[in-house]
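What follows is a single structure, written as structure tokens, with notes after it.
In what follows, residues are counted from 1 in the order of the sequence shown. Keep in mind that this is a model prediction, so the values were computed, not measured.
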Amino acid sequence: MNIIYLSSSCSDEKFNELREKGITRKLPQAQKYHCLLMEGIAQNLDGQLYALSAFPVNRQWTKRVLFLAERETVGKIQYIYGSFLNLPVLRQWTRIIQAKKDIRRIYSRNKDCVIICDVLNQSLANAARTCGKKYGIPVVGIVTDVPGYTSGARRKNYSFIRRKVAEYAEKNSSKNLEKYDAYLLLTEAMNSVVNKKGKPYIVLEGHCDGKMQQRNNCLSEKSHPKIAMYAGGIHKEFGIERLVNAFVRGQFRDWELHIYGDGNYQKDLKELTTKVQNIKYYGVQPNSLIVEKQLKATLLLNPRLTDAEYVKYSFPSKTLECMASGTPLCTTRLPGMPSEYYPYVYFFDDESEDGMLVTLQDVLGKKETEYYEFGMQAKAFVMNEKTNEKQAKKLLDFISDVCRK
């Protein structure tokens, strides 16, 4: 069996190159999710994995109109970057045409194929569905967010026209969700919204990097003063403002709060850091640096609020990334988190500012050895159950059982 995997993810080297040149501003969550899953598939696959990728070019980056096709092989993955015109409308149209050509070429050489695609990448997903129907290739849609059920935090800064275009694209994407042969979902709650025709599906809430097993998290190498760290979208809707205010009120003199990412709380946060010395803001940084900082921190934080409807249909990738580091995580009780995770994380059970303060006063008062032991238990859990290789094997078994009958 050969897998044709369509997403906007590149090899890590290519992605870092695009970031350095300013060609992309894309945050690394989706990049890391798809790359790790592809690596896991390649390790389990008896066949070839073709990664058809559209360069994640920032819409404001206009220094080059024509992107020519490129190829590179990383391990067992053959990356194919299709050519396209970097112009409004034509960008999507040319990507669709090129992706169809690439799928047809691969299929003509070996008919034993399955397509896996990111349903949120509309141009590549369009090509996947069209070719799947034309050639009789099973198409598995990966749904990491449900169109129409996202936070909308970033969209608040959109212009009127861009907001309307985004809303139209979201509605169109929702209509196309029923056109896949099978689904990979992050939460069980997604199924009732995404899979209205009752197609086969598998729930895999995410995966962590199996290579983190080799990364040491040493108590002797922890930073001092102790660091509580958050990395992700710093939107007020995500609870970060409440967390920061609670930390300020707690006057935790032996701790620093380090924050990475961007969002609509950025301006207020920058102003606050000029007044409060033990809160540091570092902006958007490469994921490789984030992982290094997680190893040095004493506690990792995710204050994502759970009262919004969309939260039922999401499982933040940072949950598994944090747990894999071996540094303990304090998070809200996200409805999409399976109960098997509960023994391995601290919880903000009261998500008000006062509630977060009470939790911080409790959790930040523990001994360093207790943090370390708790974090290492969490790491052992995800390394045994949730690595990209193990989750990919479950996906491939599902495909063999369901899609190739």
Only counting residues at least two apart or in another chain, list the ones meeting salt bridge (Lys or Arg N to Asp or Glu O under 4.0 Å) with [X].
{"X": "Arg104", "value": "none"}
{"X": "Lys226", "value": "none"}
{"X": "Glu221", "value": "Lys296"}

Is any side-chain N of the basic residue among Glu321 and Lys318 closer than 4.0 Å to the acidic one's carboxylate O? no
Do Lys236 and Asp268 meet the salt-bridge criterion of a basic N to acidic O distance under 4.0 Å? yes
Check whether more than 12 heavy atoms from other residues, nucleotides or ligands sit under 6.0 Å from atom NZ of Lys199, and answer yes or no. yes
CG of Asp349: more than 12 outside heavy atoms within 6.0 angstrom? yes
Please check this pair: side chain of [X] against backbone of [Y], looking for a donor-acceptor N/O pair closer than 3.5 Å.
{"X": "Thr327", "Y": "Gln294", "value": "yes"}
{"X": "Thr24", "Y": "Pro56", "value": "yes"}
{"X": "Asn126", "Y": "Gln122", "value": "no"}
{"X": "Lys280", "Y": "Gln277", "value": "yes"}
{"X": "Tyr346", "Y": "Leu301", "value": "no"}
{"X": "Tyr5", "Y": "Ser53", "value": "no"}
{"X": "Arg242", "Y": "Glu351", "value": "yes"}
{"X": "Lys222", "Y": "Leu295", "value": "yes"}
{"X": "Thr332", "Y": "Arg304", "value": "yes"}
{"X": "Ser314", "Y": "Val311", "value": "yes"}

Please walk me through it: do Glu178 and Lys196 pass salt bridge (charged side-chain N to carboxylate O under 4.0 Å, His left out)? CA-CA 7 Å; Glu178 63 185 37; Lys196 295 185 177 180; over 6 Å; no
Going by the ring-ring contact (aromatic ring centres under 6.0 Å, His included) test, which pairs reach into residues 315-343, not counting sequence neighbours? Phe315-Tyr341, Tyr341-Phe381, Tyr342-Phe347
Check against side-chain contact (heavy atoms from CB on, under 4.5 Å), Tyr265 and Val244: CA-CA 11 Å; Tyr265 183 54; Val244 170; 3.6 Å; yes
Are the side chains of [X] and [Y] in touch, meaning some heavy atoms are under 4.5 Å apart?
{"X": "Asp262", "Y": "Tyr281", "answer": "yes"}
{"X": "Leu45", "Y": "Met1", "answer": "yes"}
{"X": "Phe247", "Y": "Tyr230", "answer": "no"}
{"X": "Val248", "Y": "Leu272", "answer": "yes"}

Stepwise salt bridge (charged side-chain N to carboxylate O under 4.0 Å, His left out) test for Arg105 and Asp102: CA-CA 5 Å; Arg105 177 179 50 78; Asp102 289 330; 3.6 Å; yes
Name every donor-acceptor pair, under 3.5 Å, that has one atom in a side chain of residues 383-390 and the other anywhere in the protein, sequence neighbours excluded.
unit_1	atom_1	unit_2	atom_2	d
Asn384	ND2	Ala380	O	3.0
Lys386	NZ	Glu205	OE2	2.8
Lys386	NZ	Glu340	OE2	3.1
Thr387	OG1	Lys390	N	3.3
Asn388	OD1	Gly210	N	3.0
Asn388	ND2	Leu36	O	2.9
Lys390	NZ	Met383	O	3.4
Lys390	NZ	Asn384	O	2.8

May I have the step-by-step check of side chain to side chain donor-acceptor pair (under 3.5 Å) for Gln391 and Lys394, ending in yes or no? CA-CA 5 Å; Gln391 297 290 70; Lys394 295 175 188 176; 2.9 Å; yes
In terms of the angle between their ring planes, are Tyr183 and Tyr180 parallel, tilted or perpendicular, with boundaries placed at 30° and 60°? perpendicular
Over all heavy atoms of both residues, which pair between Thr306 and Arg333 is shortest? Give the atoms and the distance, please. CG2-O, 3.8 Å
I need the minimum non-hydrogen distance between Leu18 and Cys10, along with the two atoms involved. CD1-SG, 4.0 Å
In residues 362-371, what donor-acceptor pairs under 3.5 Å come from side-chain atoms, sequence neighbours left out?
unit_1	atom_1	unit_2	atom_2	d
Tyr371	OH	Val363	O	2.3
Tyr371	OH	Leu364	O	3.3
Tyr371	OH	Lys366	N	3.4

